[in-house]
Participant: 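Sharing a structure with you now.
Everything quoted here is computed from the prediction, not taken from an experiment. Below, chain A is the first sequence line, B the second, and so on; all start at residue 1.
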Amino acid sequence: MNWSGLESLLSGVNKYSTAFGRIWLSMVFVFRVMVFVVAAQRVWGDENKDFVCNTRQPGCTNICYDHIFPISHIRLWALQLIFVTCPSLMVMAHVKYREGKDKKYVELHHGSHLYVNPGKKRGGLWWTYLLSLVFKAGFDTSFLYILYRIYHGYDLPRLSKCSLDPCPNTVDCFISRPTEKKIFMLFMVVSSALCIFMCICEMIYLIGKRITKLMRVRQENERLLFAEQHELAIMAPPRTQYRKTDPTAESQMSLNRREKVREAGVTTTL
Amino acid sequence: MSWPALYTQLVGANRHSTSLGKVWLSVLFIFRVMVLVVAAESVWGDEQSDFTCNTLQPGCENVCYDQFFPVSHIRLWCLQLLFVSTPTLLVAMYVAFRNHRDKKRLLQEVELETLKRRRLPIAGALWWTYACSLVFRLLFEGGFMYALYVVYDGFHMPRLVQCDQWPCPNLVDCFISRPTEKTIFTVFMATASSICMVLNMAELAYIIAKAVTR
């Protein structure tokens, strides 16, 4: 199980994402995972061997290394990438659950489907998708914050001074390849920030789309209610007997409003 | 035989699990196997070469390393993950046995492939096999976590250990490489293991409750 396994697992998610989601996924896999595997791991490869302290005291180098690098950047980024890509699996699980429900419905009702399109982001799936975006942005932000706190602001000095036991005095310790590490750290931080920005844009887009749809539906409802109450029968919608429970099919009016219009129409005509 | 091959085997058996079982498999492979392969193995990579003791006595470092690390964390976790995945193969074996038996018993000629594609309900002998597999998973998880706790005296990795085994001349200070990072990963793997145990217990309670109400 490695990065290619995770990538194949997540490529299925693309079908259910918005355009922003697809760009986000490509960004994560090209700019973050690939750079991580192909470049960053090599830069940090010799970090322990080439960490040198100006002392011959055995154990001093180990202790100073442990103090300066409580957790290596590489491991932190590996965990960050794993955590950030997982919320998409929540969306996939929800779609699979809907498909399972649909299959059972088809078996019971001889061919008619419960969901016209199980992958359409209406009803519960919209909330799952929004929640997955919140988690993605949340994980990315918390890992960036952890990195900031551990390394005192994305800083990687060439020289650090260390005076822990068993080091005899204050000892100079030198990190290997600090400039290259700093460049890669800034690259990973900037790409994380861009991914967070994309998540926020996608959230705004989803919420904005929903709000405009609700406003449009409300305007349409008011027009139709007016038509019903003033007996403009030509403009009123046909009274349907069948109760639709499929949130993924196109509908001009939301279900609750349709029922209220029907009741209102019945009382006025009586 | 490698982790991806094991994953394909388990995903096949997973069709007959409950939703909790499917969540368990994802947690197992993403948060445990993947973290082990991608991150933890490199943390423990140089554990012996960077284990330094404050002595020039030949053999002292080797002996002290052996005393404090009888089994490496990485090997214990690999064994744990393998043992924990095996009970699911029990379920897969039973399902294969059922498919072959049903093919022989059914009067009309049915293809083995169509039998393989159907999803058996968790009832009867399959219920017992599944419940046994859950109990074994719990036992293996608990057993390995306890073994790790006992061998390493808790989940914390000290910076300094003192050793006076022969041929070390006196009490000698030995320094472990990257103790903080190792502690972080030990705690992470222990947490993931506990989450898997909770999922298994919940799944066991769910199938027992479902069987009792039926």
Side-chain angles (χ1 to χ4, degrees), chain A residues 1-10 33 36-37 41 44-49 51 56-90 92-94 96-97 100 103-104 146 150 164-167, chain B residues 2-8 10-11 15 19 22-23 25-47 49-56 60-61 81 119 157-161 172-185 187-188 192:
Chain A
M1 197 65 194
N2 51 12
W3 296 113
S4 45
L6 191 67
E7 194 181 348
S8 52
L9 207 64
L10 287 170
V33 176
F36 173 82
V37 167
Q41 275 187 323
W44 268 266
D46 58 3
E47 60 173 334
N48 201 9
K49 276 173 211 6
F51 179 80
R56 283 172 68 167
Q57 170 64 41
C60 178
T61 316
N62 281 20
I63 298 280
C64 289
Y65 178 83
D66 185 61
H67 176 73
I68 295 170
F69 295 101
I71 176 166
S72 171
H73 295 77
I74 287 286
R75 256 73 67 180
L76 207 57
W77 287 329
L79 285 174
Q80 181 176 5
L81 288 168
I82 292 173
F83 274 88
V84 151
T85 42
C86 285
S88 313
L89 296 174
M90 264 167 48
M92 263 180 76
H94 194 148
K96 286 225 156 59
Y97 168 72
K103 215 161 71 167
K104 282 195 190 129
I146 290 171
I150 292 179
L164 296 161
D165 243 0
C167 303
Chain B
S2 55
W3 293 117
L6 183 70
Y7 179 71
T8 3
L10 291 178
V11 158
R15 269 188 308 129
S19 330
K22 292 177 179 138
V23 170
L25 191 74
S26 315
V27 168
L28 185 78
F29 272 90
I30 295 174
F31 290 101
R32 294 172 74 184
V33 176
M34 209 175 150
V35 168
L36 183 79
V37 168
V38 158
E41 270 182 359
S42 46
V43 177
W44 269 265
D46 57 6
E47 60 177 326
S49 47
D50 273 348
F51 181 79
T52 31
C53 289
N54 189 1
T55 179
L56 286 174
C60 179
E61 261 185 30
L81 291 168
R119 196 196 151 171
M157 186 74 92
R159 279 181 173 174
L160 162 72
V161 291
V172 154
D173 287 338
C174 291
F175 301 92
I176 298 169
S177 78
R178 314 188 212 233
T180 314
E181 209 168 354
K182 287 180 179 167
T183 309
I184 291 173
F185 274 97
V187 168
F188 182 88

Participant: Less than 4.5 Å apart, side chain to side chain, heavy atoms only: is that true for B/Glu181 and A/Phe69?
Facilitator: no
Participant: Side chain, backbone, both or neither: which part of B/Cys174 has an atom under 4.5 Å from a heavy atom of chain A?
Facilitator: neither
Participant: If you round to the nearest 0.5 Å, how far is NZ of A/Lys96 from OG of B/Ser19?
Facilitator: 13.0 Å
Participant: Report which part of A/Leu164 has an atom under 4.5 Å of a heavy atom belonging to chain B: side chain, backbone, both, or neither.
Facilitator: side chain
Participant: For residues B/Ile30 and A/Leu89, determine if any side-chain heavy atom of one lies less than 4.5 Å from a side-chain heavy atom of the other.
Facilitator: yes
Participant: Between A/Ile71 and B/Thr180, is a side-chain contact (heavy atoms from CB on, under 4.5 Å) present by the stated rule, with each step listed?
Facilitator: CA-CA 7 Å; A/Ile71 176 166; B/Thr180 314; over 6 Å; no
Participant: Count the heavy atoms of every other residue, nucleotide or ligand shown that sit under 6.0 Å from CZ of A/Phe51, and state whether that count exceeds 12.
Facilitator: yes
Participant: Which bit of B/Val43 comes within less than 4.5 Å of chain A, counting heavy atoms only: side chain, backbone, both or neither?
Facilitator: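 Both parts, heavy atoms under 4.5 Å.
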Participant: When heavy-atom pairs shorter than 4.5 Å are enumerated against chain B, which of A/Ala78, A/Gly100, A/Ser72 gives the highest number?
Facilitator: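 Answer, by heavy-atom pair count under 4.5 Å with chain B: A/Ser72.
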Participant: Find out whether A/Tyr65 and B/Ser177 are in side-chain contact, i.e. whether some heavy atom of one side chain is under 4.5 Å from a heavy atom of the other.
Facilitator: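 In short, these two side chains do not touch, never coming nearer than 4.5 Å.
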Participant: Of the backbone (N, CA, C, O) and the side chain (C-beta and beyond), which part of A/Leu79 lies under 4.5 Å from a heavy atom of chain B, both, or neither?
Facilitator: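 Side chain of A/Leu79 only, per the 4.5 Å heavy-atom cut-off to chain B.
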Participant: Give a yes or no on whether the backbone of A/Pro58 and the side-chain of B/Asn54 come within a donor-acceptor separation of less than 3.5 Å.
Facilitator: no
Participant: Counting only heavy atoms closer than 4.5 Å, note whether B/Ile176 contacts chain A via side chain, backbone, both or neither.
Facilitator: backbone
Participant: Closest approach of A/Pro166 and B/Phe175, non-hydrogen atoms and distance?
Facilitator: CG-CZ, 3.2 Å
Participant: Is the backbone N or O of B/Asp50 less than 3.5 Å from a side-chain atom of A/Asn62, with the two atoms forming a donor-acceptor pair by type?
Facilitator: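 A pair under 3.5 Å: yes.
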Participant: Do you know the tightest heavy-atom contact between A/Pro70 and B/Ile184?
Facilitator: O-CD1, 4.1 Å
Participant: Calculate, to the nearest 0.5 Å, the distance between atoms CZ and CZ belonging to A/Arg75 and B/Arg178 respectively.
Facilitator: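 Interatomic distance, A/Arg75 CZ to B/Arg178 CZ, rounded to 0.5 Å: 5.0 Å.
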Participant: Heavy-atom pairs under 4.5 Å with chain A: which of B/Cys53, B/Ser49, B/Ser42 has the most?
Facilitator: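 Ranked by heavy-atom pairs under 4.5 Å with chain A, first place is B/Ser42.
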Participant: Please flag which part of A/Cys86 lies under 4.5 Å from any non-hydrogen atom of chain B: side chain, backbone, both or neither.
Facilitator: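 For A/Cys86, the contact with chain B is made by the side chain alone.
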Participant: Examine whether an atom of B/Thr183 lies under 4.5 Å from a heavy atom of chain A, and if so say whether it belongs to the side chain, the backbone or both; otherwise answer neither.
Facilitator: neither
